[in-house]
Each structure stands twice: as C-alpha cells, then as structure tokens.
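Computed from a prediction, not measured in an experiment: that's the story for all the values here. In listed order, ligands and their atoms are each counted from 1.
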Amino acid sequence: MCASRYIELKKMDHHMTINDILKKKSEKKKITALTAYDCPFARILDEAGVDIIMVGDSLGNAVLGYDTTLPVTMEEMLHHTKAVRRGVKNALLVGDMPFGSYQASLAECVGNAVRFIKEGGAAAVKLEGGRRVKEKIAALVEMGIPVMGHVGLTPQSYHQFGGYRIQGRDKKAALEVMKDAEAIQEAGAFSVVLEGIPAKLGKQITEKLAMPTIGIGAGPHCDGQVLVLHDILGLSGDFKPKFARRYADVEDITLKAVKEFTRDVQEGKFPSIDESFE
Ligand code: KIV
C-alpha cells in the first residue's frame with residue numbers, strides 16, 4: 001500500500017494518538033483517562049469521550065479479587081486487553097505491563113510489550129519505575145512502541161515500600177521522584193503517571209516536564225487525571241480511597257436489580273407470556 005493511501009485511510013478513521021495527547025499539554029487542555037477491563041465498559045468510556053483507556057494491572061484488585069496487583073499475569077492482561085480493544089473506537093488504548101513481565105531482562109520486556117501491541121491491540125504500553133527502567137523504555141520507543149511511565153507510589157513495589165505509602169513527602173524523596181520522571185522523559189516516553197505524591201510535587205513535575213503528566217492521587221495540577229473505573233462507579237465495596245471520587249453507586253443499583261429478579265422468579269412473575277416463545 002502506498003503512503004498516500006495510508007494518509008487517506010487515517011483521515012477516514014481518526015482516533016486518539018500519542019500526538020493528540022502531547023498536543024493537549026501544549027494547548028493546556030486536560031487529559032482524561034480511566035481504566036477498563038472488558039468490552040461493555042470500554043464501549044461506554046469510549047462513547048463518553050475519554051482520551052485514554054488503560055487496561056491497568058489494577059485488574060487484579062478491581063476485577064480478579066487479588067489483594068494486590070502482584071499476581072496478575074501476562075495472559076490475564078492480554079485476555080482483558082483484547083476484550084477492551086473490541087469496545088474502543090476512538091480512545092488511545094494503553095496496556096499495563098504486569099509485575100514480572102519486564103523486570104528480568106530487556107528481551108522479556110520487549111517480547112511482552114510486543115504481545116500487548118500485536119495480540120492485545122494496544123497502541124501503547126505502561127510500565128512502573130523511573131531510572132531503573134530507563135533503558136527498557138528507550139528500547140521500546142526505539143522499536144516504535146509508545147511508552148507511558150509510572151512513578152511515585154508504584155503499586156508493584158508494594159513489598160519494597162512496606163505497603164501503599166505516599167511517596168516524595170520530604171525534600172530528598174521528592175527529588176528522587178522528580179529524577180525518575182525526568183529519566184522517563186529522557187528515555188522517550190510520551191507521558192507519565194504520577195501516583196500517590198503530594199500535590200505540590202505533582203505541580204513541580206508537571207511544570208518541569210515537556211511530556212504530559214497523568215495524576216492519580218497527585219493533585220489538581222497534573223496535565224490529566226486517571227482513576228480506576230470501579231472506584232468512580234462504586235464497585236470497589238468499602239474501599240473508598242481519598243484521591244478517588246464516586247460518581248455512581250453501581251453496586252447498589254446491581255444489588256437492587258438482582259434482588260428484584262430473584263423475587264420475580266420466586267413468585268412466578270418472570271418470565272411472562274410476552275417474554276416466552278410460542
Ligand atoms: O493499574 C492501574 O490501573 C494503573 C492506573 C490507575 C494508573 O496503574
């Protein structure tokens with residue numbers, strides 16, 4: 001296919017690209033991002049106009065019932081990324097590399113990132129860490145895979161942090177987070193998630209970096225915000241983190257619907273004749 005044909009095809013089918021995300025920062029427009037783990041929610045998020053749909057490894061806590069993100073496997077991530085892909089038309093789809101899929105060697109990191117693009121249909125991958133993953137990010141970018149970094153409270157470092165702890169609180173720790181974010185930019189990432197850091201540090205990093213910052217528990221000054229879908233929908237049970245806002249109580253709506261169905265069946269009210277075949 002000749003290049004001009006590609007250009008014509010792209011005009012017909014515009015969807016979010018990393019260039020659109022970068023442009024938002026230069027135009028001072030906020031970037032919106034949410035996680036999704038299945039096709040129906042991906043379709044709804046896409047229709048609502050969310051810029052970035054992320055298949056986060058929060059899949060582990062939000063959907064699979066694990067206590068942390070650590071047990072999540074590549075196979076689980078790919079299974080859900082494929083489902084999300086089928087529901088997304090416009091948003092930029094980012095696949096989150098799970099713990100153990102990129103740490104051991106560059107070859108494993110590259111191989112697994114390629115799987116997200118080839119099998120999962122993601123347009124970019126995200127991985128946690130700053131300076132220690134700099135070379136890996138550079139290698140992925142070099143081979144044409146856009147990368148989103150992730151610094152601050154990186155949940156895959158749960159054991160090393162001794163739990164989920166806000167990072168960068170004192171001057172020295174803040175400098176470490178800043179250095180990590182800068183390293184990611186130098187490696188060629190197109191954006192970075194800032195998680196669990198003071199709002200003041202979120203502001204400083206956002207002002208210092210040319211690439212967009214996407215905050216989660218990093219204050220209002222970031223270039224964009226990301227939340228776990230289940231937290232905004234009230235599908236996380238009693239887990240109500242300070243940094244998330246509940247926009248609906250889907251757990252309550254679901255409970256009511258299921259109770260009504262159960263009662264209707266028990267009382268012989270479902271199905272009706274209209275809901276049956278001749
Ligand atoms: O796993 C995840 O969902 C994430 C985002 C919330 C940033 O890492």
**Asked** Under 3.5 Å, is there a donor-acceptor pair linking the side chains of Tyr66 and Thr68?
**Response** no

**Request:** Any pair with a residue in residues 191-201 that passes side-chain hydrogen bond (donor to acceptor under 3.5 Å, both in side chains), sequence neighbours left out, goes on the list, sorted by first then second residue, please.
**Result:** His150-Glu195

**Asked** Is any NZ, NE, NH1 or NH2 atom of the basic residue among Glu176 and Lys172 found under 4.0 Å from an Asp or Glu carboxylate oxygen of the other?
**Response** no

**Fill in**
In short, side-chain hydrogen bond (donor to acceptor under 3.5 Å, both in side chains) pairs touching residues 216-245 with sequence neighbours left out are Lys25-Asp223, Thr213-Asp223, Asp231-Ser236

**Prompt:** What ring pair (Phe, Tyr, Trp, His ring centres under 6.0 Å) pairs are there with at least one residue in residues 100-124, not counting sequence neighbours?
**Reply:** none

**Asked** Asn61 and Ser58: side-chain donor and acceptor closer than 3.5 Å?
**Response** no

Note every protein N or O atom lying under 3.5 Å from an N or O atom of ligand 1, pairing the names and giving the distance.
unit_1, atom_1, unit_2, atom_2, d
ligand 1, 1 (O), Asp57, N, 3.2
ligand 1, 1 (O), Asp57, OD1, 2.9
ligand 1, 1 (O), Ser58, N, 3.0
ligand 1, 1 (O), Ser58, OG, 3.3
ligand 1, 1 (O), Asp96, OD2, 3.2
ligand 1, 3 (O), Ser58, OG, 2.5
ligand 1, 8 (O), Lys126, NZ, 3.1

